[in-house]
Amino acid sequence: MSVDSQAISLVRSSFKSVAAVEDGPERLARTFYSILFARSPETREFFPAAMDVQRDRLVGAIAHVVERLDESDAILEYLAQLGRDHRKYGVTDEHYTAVGNALIEALETFGGAEMWTDEVDSAWRNALAIISAAMMDAANAEDGPPAWSATVIECRPVIKGVAVVRLQLDQTMQYRAGQYVSVQVAARPRMWRYLSPATPYDGTGVLEFHVRQVTGGWVSPVMVNQTAVGDTWVVGSPIGALGIPENSKDLLMIASGTGVAPLRAQILELIRRGNTRKVQLFYSGQHPCDLYDLPHLWKLAEKHPWLTIIPVSEEDENPWWHTEPEPLPPIGMARRIVGKVGKVVTSFGDWAGYDIQVVGSESMVNSTKFRLRAVGIDVDTVRNDPTY
Ligand SMILES: Cc1cc2nc3c(=O)[nH]c(=O)nc-3n(C[C@H](O)[C@H](O)[C@H](O)COP(=O)(O)OP(=O)(O)OC[C@H]3O[C@@H](n4cnc5c(N)ncnc54)[C@H](O)[C@@H]3O)c2cc1C
């Protein structure tokens, strides 16, 4: 990516100053969408009727790219993935231009003449030209389907509020174990949500997702409670930087809740490859029952001595509504530890030399990285997906 360092710092500082204003991110997103829909009304149909989540996403996505403008390879790969994924909307090159122009106008309106100098304007135009070129080039070079149609073949509740959903794609989709995809269900048109396949690509076109219901959420309660065998979902192209690293480092994996899915996919892929490197998975949840996949992971660890599973829960007791007894660890498996996962992980050592991946909510990822930093880990090398 050839945005020079001075332009990068102008883009970052102007975006930061907008984001720092009270309700700044939300107001910027509102301004952006009203300009976009006024200038290019046809773009309105890409978005859901309720725009609240979409507004958070827009600002999250800009912040993610702005923070990483100097990591050329990683950000170009991410933008290429996003470009391939955006084919599901049917976007054209003209739409990218319309979005770029609306964003510039929104930032300028919002920032005012004092912040929006000629230098800032030219830095943003330069960065946006490179960003949209990376997305368009990848989208135009891709000859796979813009989206996959998928039929639900199984929907199984595993604990209250969490379901395992298995789908058969209409054609196979190549993805790396650890990546995620955007998904749309018929009852919530245009409300795309990201889910991480919990199994690796195996050529059969079967995807398995672990879905947790977010209270008050638009889509996840429908996915968990109203999915039936035979339903059709739509799935976008794979995205994400998680996955088995090409180096030979041992792996430290830290998950909370359904965040175990992309790590479990990698463990299954490592088994398929005949792995021997050490893999330590800290699998955490609020309550003991949140560790719904533990019996399956224990079975894998019994067969593969390179795999260690350390269960962690913040509370020692299950909530009142969960009445099933907690499964006992098989001989040789670690017992569950009570505490915050970041604190537990760092109590095991400094993890120098490990490849580290963290998957969970924004607060879990941030607090775990904070703990890792305190034991001397360079957290820039710790991998996690965007959490918006
Ligand atoms: C890279 C990535 C991978 C993901 N993989 C999975 C997965 O494998 N399985 C899975 O179940 N989910 C996964 N998610 C989360 C999923 O995409 C949705 O965000 C989540 O299901 C909520 O969608 P919703 O429509 O129900 O809630 P929304 O309508 O989007 O949100 C409603 C409200 O809930 C808040 N909210 C949203 N998500 C959460 C949350 N997780 N915890 C607490 N509050 C929240 C929002 O801020 C908002 O205020 C992933 C997210 C990302 C970014």
Side-chain angles (χ1 to χ4, degrees), residues 23 25-26 29 47-65 77-78 81-82 85 150 155-167 175-200 207-227 233-243 253 255-266 268 283-286 290-293 314 357-367 383-388:
D23 297 330
E26 208 212 316
F47 301 97
M51 290 290 292
D52 48 347
V53 173
Q54 196 61 40
R55 279 193 285 271
D56 291 350
R57 287 238 179 111
L58 171 81
V59 178
I62 301 172
H64 184 79
V65 173
E77 176 51 24
Y78 173 70
Q81 292 173 350
L82 274 191
D85 179 51
C155 179
R156 176 169 48 93
V158 284
I159 54 163
K160 187 170 178 274
V162 178
V164 168
V165 182
R166 296 178 74 243
L167 299 139
Y175 62 93
R176 216 180 39 243
Q179 286 192 299
Y180 56 95
V181 289
S182 58
V183 173
Q184 178 189 237
V185 297
R188 291 290 181 268
R190 294 178 285 170
M191 291 193 177
W192 295 87
R193 293 293 183 269
Y194 291 131
L195 296 177
S196 310
T199 49
L207 287 184
E208 176 174 317
F209 295 122
H210 296 186
V211 191
R212 185 173 80 83
Q213 170 182 342
V214 170
T215 309
W218 281 99
V219 182
S220 58
V222 175
M223 287 175 164
V224 172
N225 303 311
Q226 291 172 37
T227 296
W233 290 16
V234 187
V235 178
S237 301
I239 316 179
L242 296 187
M253 298 176 165
S256 102
T258 53
V260 75
L263 302 178
R264 176 193 198 270
Q266 292 177 58
L268 293 171
Y283 179 24
S284 72
Q286 175 83 22
D290 291 325
L291 312 182
Y292 58 88
D293 202 38
E314 287 185 23
Q357 298 176 72
V358 187
V359 191
S361 65
E362 187 169 8
S363 65
M364 175 271 186
V365 169
N366 289 342
S367 61
R383 290 183 293 151
N384 65 277
D385 278 324
T387 47
Y388 55 86

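Every heavy atom of this structure was used, including side-chain atoms; hydrogens, water molecules and symmetry mates were not. All ligand and atom numbering here is 1-based and tracks the order in the structure. By convention here, the first residue in the shown sequence is residue 1. Small disclaimer: the values here were computed from a predicted structure and weren't measured.
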Taking N or O atoms only and a 3.5 Å limit, does [X] qualify as a polar contact for ligand 1?
| X | result |
| --- | --- |
| Y180 | no |
| Y194 | yes |
| V219 | yes |

Should [X] and [Y] count as side-chain neighbours, where that means a heavy-atom distance under 4.5 Å?
| X | Y | result |
| --- | --- | --- |
| L195 | M223 | yes |
| Y283 | L263 | no |
| L242 | Q266 | yes |

> Just how far is it from atom CG of L291 to atom OG of S256, taken to the nearest 0.5 Å?
Replying inline: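 Here the interatomic distance stands at 9.5 Å.
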> Between atom CD of Q286 and atom CD of E314, what is the distance when rounded to the nearest 0.5 Å?
Replying inline: 5.0 Å
>> For P221, state whether at least one heavy atom is located under 4.0 Å from any atom of ligand 1.
In response: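 Checking ligand 1 against P221, which is what was asked, there is a heavy-atom contact under 4.0 Å.
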> Does ligand 1 have any atom sitting under 4.0 Å from a heavy atom of P386?
Replying inline: yes
> How about E362: does its CD atom have over 12 heavy atoms from other parts shown lying under 6.0 Å from it?
Replying inline: no
Out of all atoms in ligand 1, which are within 4.0 Å of some heavy atom of [X]? Include the element for each.
| X | result |
| --- | --- |
| S196 | 3 (C), 4 (C), 5 (N), 7 (C), 8 (O) |
| V211 | 11 (O) |
| L195 | 5 (N), 6 (C), 7 (C), 8 (O), 9 (N), 10 (C), 12 (N), 13 (C) |
| S220 | 21 (O), 24 (P), 25 (O), 26 (O) |

> Within the side chain of E26, is there an N or O that forms a donor-acceptor pair under 3.5 Å with the backbone of D23?
Replying inline: no
> For ligand 1, does W218 get within less than 4.0 Å through its side chain, its backbone, both, or neither, judged by non-hydrogen atoms?
Replying inline: both
> Given that the side chain starts at C-beta and the backbone is N, CA, C, O, which of these parts of H210 lies under 4.0 Å from ligand 1, counting heavy atoms, or is it both or neither?
Replying inline: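 The answer is the backbone.
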>> Among V185, V214, N384, T215, which one puts a heavy atom closest to atom 39 (C) of ligand 1?
In response: V214
>> We want to know whether Y292 and H210 form a side-chain donor-acceptor pair, criterion being a heavy-atom distance below 3.5 angstrom.
In response: yes
